[in-house]
Amino acid sequence: MPDTLGTGTPIAYDGSTTGPSYNEAGSPLQVSWSVRPDVIKVDINSVGAWYADNIFDEGHAHGVRNLVLYPALLSPIN
């Protein structure tokens, strides 16, 4: 994946979905994640345009889970 925004080479890893119901046990839904090491600032006014045209048809904010502290729920980083 090219670094067109200057955010670095993505770090990819396997994991599971997240959410507040998975604070004590990992989610059974497996996914792969791709996270870039650097961030960029976005104009708050651009979020509405993204929201109106997002391919997942998101309609609300989702819950987040606590920071995972249980080693058994963490994937190794290679």
Side-chain angles (χ1 to χ4, degrees):
M1 188 176 301
D3 181 13
T4 58
L5 298 174
T7 54
T9 302
I11 300 164
Y13 60 96
D14 295 329
S16 61
T17 57
T18 62
S21 55
Y22 303 119
N23 281 333
E24 301 297 325
S27 166
L29 304 172
Q30 301 300 298
V31 297
S32 60
W33 295 94
S34 179
V35 180
R36 293 183 180 267
D38 298 314
V39 298
I40 59 172
K41 291 183 180 182
V42 296
D43 183 334
I44 190 65
N45 298 307
S46 70
V47 176
W50 170 85
Y51 180 78
D53 192 36
N54 77 84
I55 63 172
F56 301 106
D57 197 27
E58 298 286 351
H60 63 282
H62 300 278
V64 297
R65 72 177 176 193
N66 297 337
L67 179 63
V68 177
L69 300 175
Y70 302 104
L73 298 179
L74 298 174
S75 297
I77 297 176
N78 298 323

Problem set entry | Leu29: hydrophobic cluster co-members (side-chain, 4.5 Å) | none
Exercise. How close do Gln30 and Ser16 get, heavy atom to heavy atom, and via which atoms?
Worked result: NE2-CB, 3.9 Å
For this session: Following the transitive rule for hydrophobic clusters with a side-chain heavy-atom cut-off under 4.5 Å over Ile, Leu, Val, Met, Phe, Trp and Tyr, establish whether Val35 and Val31 coincide in one cluster.
Result: yes
Seminar exercise, completed: For Asn45, the side-chain hydrogen bond (donor to acceptor under 3.5 Å, both in side chains) test, sequence neighbours excluded, returns Asp43
Exercise. If every non-hydrogen atom of Arg36 is compared with every non-hydrogen atom of Pro10, which pair is closest and at what distance?
Worked result: NH1-CD, 3.6 Å
Seminar exercise, completed: Across all chains, not counting sequence neighbours, the side-chain hydrogen bond (donor to acceptor under 3.5 Å, both in side chains) partners of Thr17 are Ser27
